[in-house]
There are 2 protein chains.
Amino acid sequence: MLADGEVLAFMPAQKNSADLAAIPFAELETSSPPAEQIFRQVRDAVLQMQIRPGSLLSETEVGQRFGASRTPVREAFTRLREAGLIVTRPSRGNFVTRLSEPRLREAQFLRSAIETAVVIRLCKIGLGAEHLDRIKMSISGQVTAIADNNDLDFQAQDDRFHTLLAAATGYPRTAMLLAQEKTPLDRLRVLALSDRGHKARLLSEHRDILNAVRARDPAQAQAAMARHLASVLDLIADLRDADGDYFE
Amino acid sequence: MLADGEVLAFMPAQKNSADLAAIPFAELETSSPPAEQIFRQVRDAVLQMQIRPGSLLSETEVGQRFGASRTPVREAFTRLREAGLIVTRPSRGNFVTRLSEPRLREAQFLRSAIETAVVIRLCKIGLGAEHLDRIKMSISGQVTAIADNNDLDFQAQDDRFHTLLAAATGYPRTAMLLAQEKTPLDRLRVLALSDRGHKARLLSEHRDILNAVRARDPAQAQAAMARHLASVLDLIADLRDADGDYFE
DNA sequence: GCCAGCATACCGGTATACAGGTTTATTGAC
DNA sequence: GTCAATAAACCTGTATACCGGTATGCTGGC
């Protein structure tokens, strides 16, 4: 088995085909449409960096990998394209996009814009008992994940915390939009190995946000959220230098 | 030719097929992909209420109308579905969505969240000379449109004003996202016959926003924008009662 | 006249064949 | 050995045939 660096030395990055055989895709279920499942699985693989940025994703190959024809794959690719995860160059192929610093900064801007508006609204309409319970459970989950030093679980609970806040506004599309717009940041996060102290800080910030919302203090809630989300910007420069191949 | 009310009297709303022949679609050009053109033309027809909310859009029929096969139509429909303009009921058909008051309120929330963040950022980074010129021209255009009592032109210049502000942030996707998320409001606006006084008020608000941004006063800019955007909420209840068929 | 049951027509979902265009590899001349 | 020209192998874009499922309208029994 060759190391990544050696492979790169022999092949120009642009020509690299994605190594689909190495990715543990689940077999398609009959419960939901194949196009939907292919979209989700390929999206997650791209987000988790299992598919190298810059690599070629062939409709035919992906279809064969899932045992489906090109038609559902094309539909999945349409959605990946809109999510900004691939770019299509006609007659040449679909390529997994690289991370882009301006794009990351814009994602942070949009995320911050929406999430601060979310907490301000929550201060206004109040937090229902059910929503509050679920958010508290998410925070408990974060505590457990830190104790277990389980990065993956912590990330999942982190996402859940923000999703639950958005859902509590009663605006279903807002949660969806947030998930969509933060995808560039998700790829960044995979590159960052978070130490226990970093996670502890995030947890503390989550608590600050929740407390401000419970106190119905919009100014403080907004400030806490903005502070919390701005922290990712510090990661960009470091990671760009460390993982140059993954950036534009 | 029958009046709309008579047609409705004979056909249950749900069964109505869209009358594609009556819509002045342009012929497909060779310059851009058919799927893209079909998407844009159908989207605009839906936004301008040329296709009745609740009506059935058949892939086959749309394909025949444009002289294309189902494949590009399917791709266009995928995008319309994500834009929330149609819903697909498997084995039954694609239906143009009706306006929904909760959905409209959410669109207003999201638009306000993003646009207030935009003007705050503009106060921070300042407005370049080129951007300022273009925005001023847009406002001049609004003045002209009001003088000519040209509603369509005023709406175009109104959109342009907001788009230019978003573009001035240097975040290209933000402008795109705004356009996408305000589509429900665009359909609402078509139903509203705006009198001259209403347009004059919007223009005045635009000037307030621009002045606050030029003065680099984030608090005032945010307040002016929020006030400006909140005004559409007043329209919802009236239009819902007047055009009941168009709402859920 | 009413209602249940069935045949039919229509829809989207999928697979596949073909077309147009780009890249890559090979081959031949120099 | 080098380079240009050509052919093959890809890619996406498009058209089309077939499938299963749903809605509908007709028909026959009551």
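Every chain is numbered from 1 and lettered A, B, ... according to where its sequence line falls, protein lines coming before strand lines. Excluded from the calculations below are hydrogen atoms, water molecules and symmetry mates; all remaining heavy atoms, backbone and side chain alike, are included.
Between the side chains of A:R81 and A:T88, at least one donor N or O lies within less than 3.5 Å of an accepting N or O. Counting only N and O atoms by type, the side chains of A:R160 and A:S138 include no donor and acceptor under 3.5 Å apart. Side-chain atoms of A:T97 and A:R187 include a donor-acceptor pair closer than 3.5 Å.
When rounded to the nearest whole Å, the span between CD of A:E75 and P of C:dA15 equals 12 Å. In this structure, CZ of B:R70 is placed 14 Å from P of D:dC19, rounded to the nearest angstrom. In this structure, the CD1 atom of B:I38 is 13 Å from the C1' atom of D:dA15, given to the nearest Å. Per the geometry, CZ belonging to B:F66 stands 19 Å off P belonging to D:dG13, to the nearest Å. Taking atom CD of residue A:Q64 and atom C1' of nucleotide C:dA15, one finds them 13 Å apart after rounding to whole Å. Atom CD in A:E61 sits roughly 13 Å away from atom C1' in D:dA9 (whole-Å rounding). When rounded to the nearest whole Å, the span between CZ of B:F95 and P of C:dC10 equals 15 Å. When the P atom of C:dC11 is taken as reference, atom CZ of B:R89 falls 14 Å away, rounded to whole Å.
Neither OP1 nor OP2 of C:dT22 sits under 4.0 Å from any side-chain N or O of A:R92. Look at B:R74 and you won't find any side-chain N or O under 4.0 angstrom from OP1 or OP2 of C:dG12. Put simply, B:S69 has no side-chain N or O that comes within less than 4.0 Å of OP1 or OP2 on D:dT16. When the side-chain nitrogen and oxygen atoms of A:N94 are compared with OP1 and OP2 of D:dT12, one or more of them lie within a distance under 4.0 Å.
At its two ends the helix from C:dG1-D:dC30 to C:dC30-D:dG1 runs along axes set 20° apart, each axis drawn from five pairs and the angle rounded to 10°.
Smallest separation of non-hydrogen atoms from B:L191 and B:L239: O-CD2, 3.8 Å.
Taking B:H131 as the reference, nothing meets the ring-ring contact (aromatic ring centres under 6.0 Å, His included) condition, with sequence neighbours excluded.
Using a 4.0 Å cut-off between charged nitrogen and carboxylate oxygen, B:E75 and B:R79 do not count as a salt-bridge pair.
Using a 4.0 Å heavy-atom criterion, one finds that A:T71 contacts the bases of the nucleic acid, with or without backbone contacts as well. At the heavy-atom level, B:A35 lies nowhere under 4.0 Å from the strands shown. Across all strands, A:E36 comes closer than 4.0 Å to no nucleic acid atom at all (heavy-atom distances).
Annotation: cation-pi geometry satisfied between A:R89 and A:F95 (NZ/CZ under 6.0 angstrom from ring centroid, within 45° of ring axis).
Nearer to the 5' terminus of DNA chain C, by closest-nucleotide assignment, is the contact made by A:G67 (compared with the other of A:S91 and A:G67).
Among D:dA15, C:dG12, C:dT14, the nucleotide with an atom closest to any side-chain atom of A:P72 is C:dT14.
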